[in-house]
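Notes to accompany the following structure.
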Amino acid sequence: MTETADVVIIGSGIVGSSVAYHLAQQGCTNVLVVEREAHQGKDSTGKSMGGVRAQFTTPVNIKMSLYSINFFAEFDEVVGHPADYRAHGYLFCATTERHLNYLKTNRELQLSLGLKNVELVEPEDILKMVPQLSADDIIGGTFCPTDGFVDPHSVMMGFMLKARETGTRLWLDTTVTGIEVVNDRVSAVETTRGKISTPVVVNAAGAWAAQIARMAGAELPVEPLRRQLVPTEPFDGLPKRFPMVIDMSTGFHFRREGKGILLAWNDPEETPGFKTGFDPTFIEKILTRAAMRVPCLAEAEVNPRRSWAGLYEMTPDHHAIIGPAPNIKGLYFVNGFSGHGVMHSPASGRITADLIVKGDSELVDTTQIGVERFAEGRLLHETAVL
Ligand SMILES: Cc1cc2nc3c(=O)[nH]c(=O)nc-3n(C[C@H](O)[C@H](O)[C@H](O)COP(=O)(O)OP(=O)(O)OC[C@H]3O[C@@H](n4cnc5c(N)ncnc54)[C@H](O)[C@@H]3O)c2cc1C
């Protein structure tokens, strides 16, 4: 017998789980989430650095962050599961007038959209937060104390557990192999566990989203891009608590992770592809940048076996694609987060559920984030991508 569902969500990472949660909140509970892995969170969600920030440069990203960060702040109470939201802040450090002016312009926009607590900071303020920085060339920066970190795995589990309480089903170990479209309308999803008859399909397949779209005959400009993180062994040369620090001269950034420090850097030589193995030569590259900005990190020990790699899901304008597929009724995209899928998971789940249930969302101008923008040349421009 063919299974039926009102909505099938493909992918149970933090984004698919948030869509399931927000649909359930809006009374849509005959929902089936299909996940090819035996456990949730094995792909990008489980590899994330967990950073959340509202310091962006476009209204849509700032609005999505404002909704999401407020949501994380109340997550434990509302969802009944810990998000482990730590409001330790994000500190952007500028070494050139161009970068400082860029931060000032962004701050004006952020203030105008309701982010009230983003502050301009002087080099002395920066050194108070992290005295170990080499700051001779730092001329200023911005700090937002409600930016910070969450536990992506716990957020994902919270969303899904809450959705399941009201009837949402989760099929693990089940791969989607096809999407049936009849008269330009979605009619079923084919899986390794059989066919599911459904009028609505949500593509929440992360870095694999373009493959899923193609199953329905749709094009989606989402490309996988490897991203590598290096944790140090326990290190007490930096404060116990400090913000995510971003060195704008190199893009190197770091934060505390337990007793150690988590080091991140976007390697401009990285090329698109499904590469998930960690490249040990990355360690020297990142440690060079680390030691330049934080000399004491030259003494930190790192173990290549504890370092890891995962995939960003990149779009041409570094903004998510959220909304219906233009030519296939019933197919929805919630993809292409370009490195911000954890922090924007509450907003993206809410917007997708709004679009499915009500046809629009008051959270953002949804015409801006639909996939049509690429064909119509209406690309958004986000430059604060870490
Ligand atoms: C190293 C690293 C650091 C990051 N740091 C941050 C950060 O600090 N802050 C932030 O906001 N974001 C960060 N990100 C990005 C963030 O992790 C992603 O944007 C987010 O996890 C995307 O969630 P998702 O649910 O869309 O994707 P995923 O977690 O990848 O989930 C997609 C799911 O779809 C499933 N799937 C795919 N194909 C099929 C199929 N055919 N059938 C069934 N299931 C399928 C997969 O198994 C997977 O579970 C980081 C990413 C990486 C790799």
Side-chain angles (χ1 to χ4, degrees), residues 5 7-54 64-88 146-174 202-206 255 257-258 262 310 313 320 322 332 334-335 337 339-354 356-357 361 363:
V7 179
V8 171
I9 300 173
I10 304 172
S12 72
I14 199 164
V15 172
S17 300
S18 174
V19 175
Y21 168 86
H22 283 90
L23 280 172
Q25 291 299 302
Q26 300 195 24
C28 182
T29 52
N30 183 12
V31 173
L32 183 44
V33 186
V34 183
E35 170 57 56
R36 68 178 171 195
E37 302 289 349
H39 304 283
Q40 284 184 258
K42 289 192 76 175
D43 290 304
S44 302
T45 299
K47 310 284 171 60
S48 167
M49 199 175 185
V52 302
R53 64 178 159 116
M64 285 178 59
S65 289
L66 287 174
Y67 175 83
S68 298
I69 292 172
N70 285 338
F71 197 100
F72 288 130
E74 294 175 353
F75 192 95
D76 302 20
E77 205 177 310
V78 172
V79 180
H81 200 83
D84 197 16
Y85 166 58
R86 282 150 284 159
H88 293 186
T146 42
D147 289 347
F149 328 113
V150 294
D151 177 339
H153 195 271
S154 193
V155 169
M156 173 193 71
M157 292 308 288
F159 277 140
M160 187 58 81
L161 287 168
K162 191 75 182 172
R164 291 178 78 179
E165 274 177 17
T166 47
T168 298
R169 288 167 292 157
L170 170 62
W171 283 5
L172 295 170
D173 244 334
T174 310
V202 178
N203 179 354
R255 71 166 174 86
E257 170 70 29
L262 192 53
E313 20 12 19
I322 305 179
Y332 290 81
V334 54
N335 304 115
F337 288 91
H340 314 132
V342 164
M343 65 181 89
H344 285 164
S345 60
S348 52
R350 160 81 192 275
I351 294 166
T352 308
D354 284 350
I356 292 170
V357 175
S361 178
L363 212 65

*Is there a donor-acceptor pair closer than 3.5 Å between any side-chain N or O of Arg255 and the backbone N or O of Met49?*
yes
*Between OG1 on residue Thr174 and CD on residue Glu35, distance to nearest 0.5 Å*: 9.0 Å
*Note, Trp171 side chain near Ser12 side chain (heavy atom, < 4.5 Å)*: no
*Hey, mind stepping through Arg53 and His340 against side-chain contact (heavy atoms from CB on, under 4.5 Å) and telling me if it holds?*
CA-CA 9 Å; Arg53 64 178 159 116; His340 314 132; 3.4 Å; yes
*Taking the side chain as C-beta and beyond, is there a heavy-atom pair between Val342 and Val155 under 4.5 Å?*
no
_Centroid separation under 6.0 Å, is that true for the rings of Phe71 and His22?_
yes
*Locate the shortest heavy-atom distance separating Val15 from Gly341; write the atom from each residue and the value.*
CG2-O, 4.0 Å
*For residues Leu23 and Ala353, report the shortest heavy-atom separation together with the two atoms involved.*
N-CB, 3.7 Å
*asked:* So does Pro82 get a backbone contact from the side chain of Asp151, meaning a donor-acceptor N/O pair under 3.5 Å?
replied: no
*From Gln25 CD over to Arg350 CZ, what is the distance, rounded to the nearest 0.5 angstrom?*
11.0 Å
*Determine, for Asp43 against Lys47, whether the closest basic-nitrogen to carboxylate-oxygen distance falls under 4.0 angstrom.*
no
*Quick one: closest heavy-atom pair of Ser361 and Asp354, and the distance?*
OG-OD2, 2.7 Å
_To the nearest 0.5 Å, what is the distance between CD1 on Ile356 and CD1 on Ile351?_
12.0 Å
*asked:* Nearest 0.5 Å, please: how far is CG in Asn203 from CD1 in Ile9?
replied: 11.0 Å
*Name the one of Val31, Val19, Val357, Thr352 that satisfies side-chain contact (heavy atoms from CB on, under 4.5 Å) with Val7?*
Val31
*Would you give the length of the straight line joining atom CZ of Phe337 to atom OG of Ser48, rounded to the nearest 0.5 angstrom?*
12.5 Å
*Look only at the side chain of Ser18 and the backbone of Ile14, and say whether a donor-acceptor pair between them is shorter than 3.5 Å.*
no
*Taking all non-hydrogen atoms of both residues, which atom of Ser348 and which atom of Ile322 are closest, and how far apart?*
CB-CD1, 3.7 Å
*Step by step, would you call Gln40 with Leu172 a side-chain contact (heavy atoms from CB on, under 4.5 Å)?*
CA-CA 8 Å; Gln40 284 184 258; Leu172 295 170; 4.3 Å; yes
*For Thr146 and Ile69, work out which heavy atoms get closest and say how close.*
O-CG2, 3.6 Å
*Once you round to the nearest 0.5 Å, how far does CE of Met157 lie from NE2 of His39?*
10.5 Å
_Restricting to non-hydrogen atoms, name the atom on Arg169 and the atom on Ala5 that form the minimum distance, rounded to 0.1 Å._
NH2-CB, 3.9 Å
_Centre-to-centre under 6.0 Å for Phe72 and Phe149, is that the case here?_
no
*asked:* Looking at Met160, is its backbone amide N or carbonyl O close enough to the side chain of Ser17 to form a donor-acceptor pair, meaning the two atoms are under 3.5 Å apart?
replied: no
